[in-house]
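Computation of the quantities below employed the complete heavy-atom set of this structure, encompassing side-chain atoms and omitting hydrogens, waters and symmetry-equivalent molecules.
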Amino acid sequence: MVLPWQTDTKSRAERPARTLNGEIAEAAQLLTIVLHCRKQAAQLQTCSGQSCVRARAAFTTCANEHAQSVLQALVKIASAKCPEEVEAFHACQRRMPGSKCEIEDLMALRCASREVLLSSQAS
């Protein structure tokens, strides 16, 4: 699936490796399209000229409205597919009550993101 904002014509091998947050963002964008904003994404892919301004605004609004749902989907995927990373997050919270355990949280989200991106390549 080509995401509406992907205009890069380089092959995947020619692109630089994803950054940690880039991988999470790409998976979140994919989930946003598939789960919530399919119509707006399709309009964005086919727009031209001034209609692109409206299409981008509609997609952005839809994505912002569903951001929490997308995050919840990534957490659910992490719980199902990334037991080691999720356990590391929970262990951190047990060791340091009140801590955000951001590194462990990001590692679990990154694992879930890889699962989403691998799944999209298989379809």
Dump the intermediate steps for side chain to side chain contact (heavy atoms under 4.5 Å, CB included) on Ser113 and Leu74, then the final yes or no. CA-CA 7 Å; Ser113 297; Leu74 279 173; 4.0 Å; yes
Atom pair [atom1]/[atom2] of [X] and [Y] - distance to nearest 0.5 Å:
{"X": "Cys101", "Y": "Arg95", "atom1": "SG", "atom2": "CZ", "value": "7.0 Å"}
{"X": "Cys47", "Y": "Gln40", "atom1": "SG", "atom2": "CD", "value": "13.0 Å"}
{"X": "Leu44", "Y": "Arg56", "atom1": "CG", "atom2": "CZ", "value": "5.0 Å"}

Could you go step by step and tell me if Arg38 and Val34 meet the side chain to side chain contact (heavy atoms under 4.5 Å, CB included) rule? CA-CA 6 Å; Arg38 191 177 298 261; Val34 171; 3.6 Å; yes
Closest approach of [X] to [Y] (non-hydrogen atoms, all atoms of both residues):
{"X": "Ala73", "Y": "Leu31", "result": "CB-CD1, 4.3 Å"}
{"X": "Ala78", "Y": "Ala108", "result": "CB-O, 3.7 Å"}
{"X": "Val70", "Y": "Ala28", "result": "CG1-O, 3.6 Å"}
{"X": "Ile77", "Y": "Glu115", "result": "CG2-CB, 4.1 Å"}
{"X": "Cys37", "Y": "Phe59", "result": "CB-CE1, 3.9 Å"}
{"X": "Cys92", "Y": "Ser99", "result": "SG-OG, 4.4 Å"}

Would a single hydrophobic cluster contain both Phe89 and Val75, if residues Ile, Leu, Val, Met, Phe, Trp and Tyr are joined by side-chain heavy-atom contacts under 4.5 Å?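 As far as the 4.5 Å side-chain criterion goes, Phe89 and Val75 are not connected within one cluster.
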Would you say Met107 ends up clustered with Val86 if hydrophobic residues are merged whenever their side chains have heavy atoms under 4.5 Å apart, either directly or through other cluster members?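 Unlinked, Val86 and Met107 end up in two clusters.
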Which pairs count as ring pair (Phe, Tyr, Trp, His ring centres under 6.0 Å) when at least one residue sits in residues 25-58, sequence neighbours excluded?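 Every ring pair (Phe, Tyr, Trp, His ring centres under 6.0 Å) pair that includes a residue of residues 25-58, provided the two are not neighbours, is His36-His66.
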List the steps, then state whether side chain to side chain contact (heavy atoms under 4.5 Å, CB included) holds for Arg114 with Glu23. CA-CA 7 Å; Arg114 282 193 307 268; Glu23 190 171 52; 3.1 Å; yes
Please determine whether the number of non-hydrogen atoms from other residues, nucleotides or ligands lying under 6.0 Å from atom CG of Leu35 exceeds 12.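 Yes.
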Is the backbone of Leu117 close enough, under 3.5 Å, to the side chain of Ser120 for a donor and an acceptor to pair up by distance?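 It does hold such a pair.
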Step by step, would you call His90 with Gln93 a side chain to side chain contact (heavy atoms under 4.5 Å, CB included)? CA-CA 5 Å; His90 290 302; Gln93 289 187 317; 3.8 Å; yes
